[in-house]
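All values reported here derive from a predicted model rather than from experimental measurement.
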Amino acid sequence: MKARKTKKWFDGIAYEVAFWRNVFRWKHTREGLMNWSHYGSAITLDCFDANAFLTDVAEDHAPLVLDVGCGMSYATGNMMGAPGNMTPINLHYIDPLAHYFNEILKAARQELPAIEFGMMEYLSAFYPHHDVDLVIIQNALDHSADPLKGILEAIDTLRTGGILYLKHKPNEGETEKYKGFHQWNIDIEDERLCIWNKEHRTYVDEMISAFASIEVHRHAEGYVIAVITKKEAVEPRASVCDKPDIATLCTMMMENHRADVKLWNATKLKLSYWKYNTIQFVVQAMPWKMKMAFKKMIHQK
């Protein structure tokens, strides 16, 4: 089961890379993305005043912020403070596809911060010192191979009093028919954050009650938002067994190597990338309204 989920995640990489490559290929989509993002301005998060939170933290120490599963959107503002007295945030953009994304940045000649490699399911291995003040995960938790483990890992990196901020579209797995990275759904049920798919359903408050509190919000635009505060200096990972993950990763590593040396498998991977790249080349070249109409038509099929 675990290996099958991980394999589906690997299979989604070609689509994700093709999408971002073509967003940055076209001037109008690249400029539209940066006009939409908050890069270069104050950090802004719906239903949570991150600017005020980090300003308070700064009275004690320089805040450390992680934008995990960031893609290439640069959606999170990277400044803090009052207008006219803004200072840069020590903000790290983290994504498992960082190597691909940095190549895209270089090819597009964009002077934007490099993206660091990291996986949310193992975030505490990349940031092991429990000194992070704010972890932001937006439209990425449900793209991971194991979102529940990702939540525990994110909380583990936090200092006591630190915040994990989650913002996601509801039930993306159902909407996207479980294609590519979309293997999970996130929603609010009875005022509780629920993560589910066809095989599992978990209420997050039950999972974290020993060491963290959670507030949930349904944004006016429909987004599911959760603000999780680490209350105790307890390592959430104490309840996590990594041995099945290690076995799965070792197995996947060897299976991928074996597949790579077979001509047909290598060709199939190339064809998959070029198929998605061609589709995204056309889609991202479309005007915005035509693109949204095309996407709506696909979802209705």
Side-chain angles (χ1 to χ4, degrees), residues 33-71 73-95 112-113 115-116 118 120 123-124 126-127 129-141 150-170 186 188 191-193 204-205 208-209 211-234 236:
L33 174 69
M34 297 314 298
N35 289 337
W36 166 81
S37 81
H38 294 284
Y39 181 76
S41 59
I43 186 168
T44 303
L45 300 174
D46 291 319
C47 303
F48 174 64
D49 193 342
N51 194 3
F53 171 75
L54 294 177
T55 300
D56 288 343
V57 168
E59 294 181 3
D60 179 64
H61 60 268
L64 174 59
V65 180
L66 309 181
D67 187 349
V68 181
C70 60
S73 64
Y74 295 94
T76 304
N78 60 328
M79 306 293 287
M80 57 178 283
N85 189 30
M86 305 288 284
T87 58
I89 298 171
N90 183 14
L91 172 58
H92 296 251
Y93 299 94
I94 300 168
D95 199 284
L112 291 165
I115 297 167
E116 301 174 23
M120 69 176 67
L123 192 61
S124 67
F126 297 90
Y127 290 88
H129 303 299
H130 318 291
D131 60 354
V132 179
D133 296 286
L134 175 61
V135 175
I136 301 166
I137 305 178
Q138 301 189 84
N139 292 322
L141 187 66
I151 288 174
L152 293 174
E153 286 284 313
I155 294 173
D156 192 29
T157 67
L158 295 171
R159 67 174 75 247
T160 302
I163 298 289
L164 168 60
Y165 176 88
L166 307 174
K167 179 183 177 182
H168 295 81
K169 294 179 181 178
I186 298 176
I188 298 174
E191 303 303 316
R192 304 166 73 191
L193 185 67
V204 173
D205 59 313
I208 66 172
S209 61
F211 45 80
S213 62
I214 180 170
E215 297 178 7
V216 294
H217 308 271
R218 180 85 66 180
H219 190 263
E221 295 180 3
Y223 285 97
V224 172
I225 294 173
V227 180
I228 297 174
T229 305
K230 185 173 182 178
K231 295 294 189 181
E232 301 288 341
V234 175

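Classified by interplanar angle (parallel below 30°, tilted 30° to 60°, perpendicular above 60°), the ring pair F53/F48 is tilted.
When all heavy atoms are compared, the tightest approach of Y74 to P113 is OH-O, 2.6 Å. Here the closest heavy-atom approach between residue A75 and residue S37 is recorded as CA-CB, 4.0 Å. In plain terms, the two heavy atoms of D156 and H130 that are nearest each other are O-ND1, 2.7 Å. The minimum heavy-atom distance between G71 and I115, with the atom names listed, is O-CD1, 3.3 Å. Closest heavy-atom contact between M34 and L112: CE-CD2, 3.9 Å. Nearest heavy-atom pair, A140 versus V68, reported as atom, atom and distance to 0.1 Å: CB-O, 4.0 Å.
Remark: side-chain polar atoms of H219 are paired, donor with acceptor, to backbone N or O of E221 under 3.5 angstrom. Of the possible donor and acceptor atoms, none in the side chain of N51 sits under 3.5 Å from a partner among the backbone N and O of M80. For the pair T44 (side chain) and A42 (backbone), a donor-acceptor distance under 3.5 Å is present. Listed for the E153 side chain is a donor-acceptor partner under 3.5 Å among the backbone atoms of L123.
Under the side chain to side chain contact (heavy atoms under 4.5 Å, CB included) test applied with M120, the options D95, L141, I151 reduce to a single match, L141. Screening I225, I137, I228 against Y165 for a side chain to side chain contact (heavy atoms under 4.5 Å, CB included) leaves a single residue, I225.
Using a 4.5 Å heavy-atom cutoff, the side chains of V224 and V216 are not in contact. Residues V65 and N90 have side chains not in contact (no heavy-atom distance under 4.5 Å, counting atoms from C-beta outward).
The aromatic ring centres of Y127 and H92 sit less than 6.0 Å apart.
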| request: Evaluate the criterion side-chain contact (heavy atoms from CB on, under 4.5 Å) for residue pair N35 and L33; output intermediate values, then yes/no. | output: CA-CA 5 Å; N35 289 337; L33 174 69; over 6 Å; no

| message | Working note: L134 + I43, criterion side-chain contact (heavy atoms from CB on, under 4.5 Å); need CA distance, chi angles, decisive distance, verdict. | response | CA-CA 12 Å; L134 175 61; I43 186 168; 4.1 Å; yes

| query | Between T157 and V135, is a side-chain contact (heavy atoms from CB on, under 4.5 Å) present by the stated rule, with each step listed? | reply | CA-CA 8 Å; T157 67; V135 175; 3.7 Å; yes

| said: As a quick check of understanding, evaluate side-chain contact (heavy atoms from CB on, under 4.5 Å) for K231 and S213, giving each step before the final call. | reply: CA-CA 7 Å; K231 295 294 189 181; S213 62; 3.2 Å; yes

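The structure places NZ of K169 at 12.0 Å from CD of Q138, a figure rounded to the nearest 0.5 Å. Between F126 atom CZ and L66 atom CG the span is 12.0 Å, to the nearest 0.5 Å. To the nearest 0.5 angstrom, I208 atom CD1 is 4.5 Å from I214 atom CD1. Between K167 atom NZ and T76 atom OG1 the span is 9.5 Å, to the nearest 0.5 Å. To the nearest 0.5 Å, the span separating CD1 on I186 from OH on Y223 amounts to 12.5 Å. Atoms CD and CG, from E215 and L193 in turn, are 12.5 Å apart once rounded to the nearest 0.5 Å.
Under 3.5 Å, the side chains of D133 and H61 contain a donor-acceptor pair of N or O atoms.
Of the charged side-chain nitrogens involved, at least one lies within less than 4.0 Å of a carboxylate oxygen, so that R192 and D205 count as a salt-bridged pair.
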